[in-house]
Amino acid sequence: MKTTQNNTSKTHLKKISAFLLATTLATVGTVAVLPGTSSTVQAATTKASTAKSAIHVQVEGKAIATTGIVSANGSSLLPLKATAKAIGATVTFNAKEKTVTVTKDKHKASFALGSGSDDGVFVTLDGSTIGDSYDAKIVNGTSYVAIKAVTDQLGYRAVWNGATRTVNITKEGLNNIEVTTTTLKPTKTNNYTETNIKYPVVSGLDNAEAEAAINKAFAAHAQTYLEKVQKQAKEFGAPPKDSVITYEIDSGYKITYNRNGVLSILVTDYEYLGGAHGSSIQTGMTFSLKDGKQIQLGDLLKSNSNYRKDIDKIINAQMKKNGDLYFKDSFKGIAANQGYYLTDSGITLFFQQYDIAPYAAGMPEFPITFKQVLPSGVNPLDAYKA
């Protein structure tokens, strides 16, 4: 299940989360590498039990002096501090905010721990405003988190050996770039609209023109969204003077893939202009770091001329398994410019609210591996490696 972590405004966090949490109802096809963990996230609140037996941990094949536990729903949990230090990261703890920051090379992952022993953990990377939630449990003052909460953020992969109950953490590497967050300050303000627009800024690319092109695209998306909603708010007019309504315009992002010369960002825009609830829109933005060009779904899957039909079959099959979640006959096939983002497992296609399912279903997502739609041995990311 997906949720958001907004480091600037917890009010905005709760509102955006209400939309994104429902996404799990339609999320299918995830590839897992550990028991109970996957590229999608687990519920923020879990009930962990005493492990049947310890989980042993290795880094690059060498055993380290820490063990993990298994939660009641099967997730593998490792001690956050010990695991982070084992991969050479530094760890700091903010007792007031109850947040752990793990720093490795140019990257910082922030772990916002729940208020209780079973409240999970929200993880954001490099100052992004949207993150993922994972299983977590505090045992005798030690924070245990799902292994992917660490490996997904800092360029590592975990491989599970069931016979020996061992997790081996190996370095996959991230692009040698830095991603920071900037805030778009509106030029038009009033006392009934709260605006919190944040977007990423990339630095450290060898190609200055590519870097400029990518940053221009991020900034343009934020500006366009802000102006669109400001225009709508002006057309609606101010709320009644005796109303407690406050209009909201929010935007945040998370990094979903940052390897092999490719950067993939998922942007979530949220607006509330009165009524029963607000609305959210997702935008996937994936770039080649070589030239700064945005990578479309067709670029990745061009080695299969029938990729759209193949994906349609996969989505239709998954929808049939959960037929009551979707509008009847709502899916007519993916669009030429279908929204997607990259993950370590492949691609995740998504649909907007009400596209194929009711509001309660959020924004349905369908993870698909490259093996499902491309010829054997073809890796579409090879073309983007430096």
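Because the structure is a prediction, the values reported are computed rather than measured. Numbers for residues simply follow the sequence, beginning at 1.
Annotation: side chain of Leu300 is not in contact with side chain of Thr286 (no heavy-atom distance under 4.5 Å). Looking only at side-chain heavy atoms (C-beta outward), Leu226 and Pro186 come within less than 4.5 Å of each other. Within the 4.5 Å cutoff, no side-chain heavy atoms of Leu301 are placed close to those of Tyr340. Counting heavy atoms from C-beta on, the side chains of Asn94 and Thr101 never come closer than 4.5 Å. Contact annotation: the side chain of Pro380 never approaches that of Ser303 to less than 4.5 Å [non-hydrogen atoms, C-beta and beyond]. Considering only heavy atoms from C-beta on, Ile295 comes within 4.5 Å of Tyr384 through its side chain. Residues Thr193 and Ile249 meet the side-chain proximity criterion, which asks for heavy atoms closer than 4.5 Å.
Counted within 6.0 Å of NZ on Lys81, heavy atoms from surrounding residues, nucleotides or ligands total 12 or fewer; the atom is thus considered open. By the neighbour-count criterion of 12 heavy atoms within 6.0 Å, atom NZ of Lys104 is densely surrounded, having more than that number from other residues, nucleotides or ligands. Crowding of Asn306 atom CG: a count of heavy atoms from other residues, nucleotides or ligands under 6.0 Å exceeding 12. No more than 12 heavy-atom neighbours from other residues, nucleotides or ligands sit within 6.0 angstrom of NZ on Lys302. The number of heavy-atom neighbours closer than 6.0 Å to CD of Glu209, taken from other residues, nucleotides and ligands shown, is 12 or below.
For the pair Asp355 (side chain) and Gln352 (backbone), a donor-acceptor distance under 3.5 Å is present. Judged by distance alone, with hydrogens and angles left aside, the side-chain atoms of Asn260 form no donor-acceptor pair with the main-chain N or O of Val262 at under 3.5 Å. Remark: side-chain polar atoms of Glu60 are paired, donor with acceptor, to backbone N or O of Lys171 under 3.5 angstrom. Distance alone, capped at 3.5 Å, places no donor-acceptor pair between the Gln282 side chain and the Phe350 backbone. Of the possible polar contacts, none joining the Asn168 side chain to the Val159 backbone as a donor-acceptor pair under 3.5 Å is found. For the pair Arg165 (side chain) and His56 (backbone), a donor-acceptor distance under 3.5 Å is absent. Formation of a donor-acceptor pair under 3.5 Å by the Asp310 side chain with backbone atoms of Val373 is not found in this model. Side-chain atoms of Glu271 do not come within 3.5 Å of backbone N or O of Val229 as any donor-acceptor pair. Side-chain atoms of Asp299 come within 3.5 Å of backbone N or O of Gln296 as a donor-acceptor pair. Formation of a donor-acceptor pair under 3.5 Å by the Ser330 side chain with backbone atoms of Ile356 is found in this model.
Look at Glu178 and Lys106 and you find no salt bridge, because none of the NZ, NE, NH1 or NH2 atoms lies under 4.0 Å from a carboxylate O. A salt bridge links Lys385 with Asp382: the distance from a Lys NZ or Arg NE/NH1/NH2 to an Asp or Glu carboxylate oxygen falls below 4.0 Å.
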Starting from the C-alpha separation in whole Å, work towards a yes-or-no answer on side chain to side chain contact (heavy atoms under 4.5 Å, CB included) for Asp132 and Val123. CA-CA 5 Å; Asp132 290 328; Val123 188; 5.6 Å; no

Between Tyr307 and Leu297, does a side chain to side chain contact (heavy atoms under 4.5 Å, CB included) hold up when you go through it step by step? CA-CA 10 Å; Tyr307 77 87; Leu297 185 63; 4.2 Å; yes

Working for ring pair (Phe, Tyr, Trp, His ring centres under 6.0 Å), residues His221 and Tyr199: CA-CA 9 Å; His221 176 92; Tyr199 63 92; 9.5 Å; no

Report the C-alpha separation of Val102 and Gln153 in whole Å, then their side-chain angles, then the decisive distance to 0.1 Å, and conclude whether the side chain to side chain contact (heavy atoms under 4.5 Å, CB included) test is met. CA-CA 10 Å; Val102 177; Gln153 314 302 322; over 6 Å; no

Side chain to side chain contact (heavy atoms under 4.5 Å, CB included), that's the test. Do Asn207 and Leu289 meet it? Break it down for me. CA-CA 8 Å; Asn207 186 331; Leu289 301 184; over 6 Å; no

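The two residues Tyr253 and Asp126 make their nearest non-hydrogen contact at OH-O, 3.8 Å. Taking both residues in full, the closest heavy atoms of Ile214 and Ser288 are given as CD1-O, 4.2 Å, listed atom of the first, atom of the second, then distance. In this structure, Asp312 and Ile334 approach most closely via the heavy-atom pair OD1-N, 2.9 Å. In terms of heavy-atom proximity, Gly362 sits nearest to Pro364 at O-CD, 3.3 Å. A pairwise comparison of heavy atoms in Asp269 and Val267 identifies OD1-CG1, 3.6 Å as the closest pair. For the residue pair Ala158 and Thr151, the shortest heavy atom distance occurs at CB-CG2, 4.2 Å.
Distance check, rounded to the nearest 0.5 Å: CZ of Phe351 to CE of Met363 gives 13.0 Å. Here CG of Leu154 is found 9.5 Å from CG of Asp152. Values are rounded to the nearest 0.5 Å. Atom CG of Leu266 sits about 4.5 Å away from atom OG1 of Thr268, to the nearest 0.5 Å. The CH2 atom of Trp160 lies 4.5 Å from the CD1 atom of Ile55; values are rounded to the nearest 0.5 Å. In this structure, CG in Leu381 is found 4.5 Å from OH in Tyr257, a value given to the nearest 0.5 Å. We find the CD-OG distance between Gln372 and Ser345 to be 10.5 Å, quoted to the nearest 0.5 Å.
Checking Thr181, Asp250, Thr183 one by one against Lys198, the side chain to side chain donor-acceptor pair (under 3.5 Å) holds for a single residue, Thr183. For the side-chain contact (heavy atoms from CB on, under 4.5 Å) with Val167, the lone residue among Ile147, Thr67, Thr83 that qualifies is Ile147.
A continuous path of Ile, Leu, Val, Met, Phe, Trp and Tyr side chains, each step under 4.5 Å between heavy atoms, connects Leu374 with Leu342, placing both in one hydrophobic cluster. There is a path of hydrophobic side-chain contacts, each under 4.5 Å, that joins Phe370 to Ile368. Hydrophobic clustering of Ile, Leu, Val, Met, Phe, Trp and Tyr side chains at less than 4.5 Å, counting indirect connections, keeps Tyr272 apart from Ile281. When hydrophobic clusters are built by joining Ile, Leu, Val, Met, Phe, Trp and Tyr residues whose side-chain heavy atoms come closer than 4.5 Å, directly or via intermediates, Val91 is grouped together with Tyr156. Transitive grouping of hydrophobic side chains (ILVMFWY, heavy atoms separated by less than 4.5 Å) brings Ile255 and Met285 into a common cluster.
Side-chain polar atoms of Asn175 and Asn258 form a donor-acceptor pair below 3.5 angstrom.
You'll find the ring centres of Tyr134 and Phe111 outside the 6.0 Å limit.
Between Tyr247 and Tyr192, the ring planes lie perpendicular to each other; the angle is over 60°, past the 30° to 60° tilted range.
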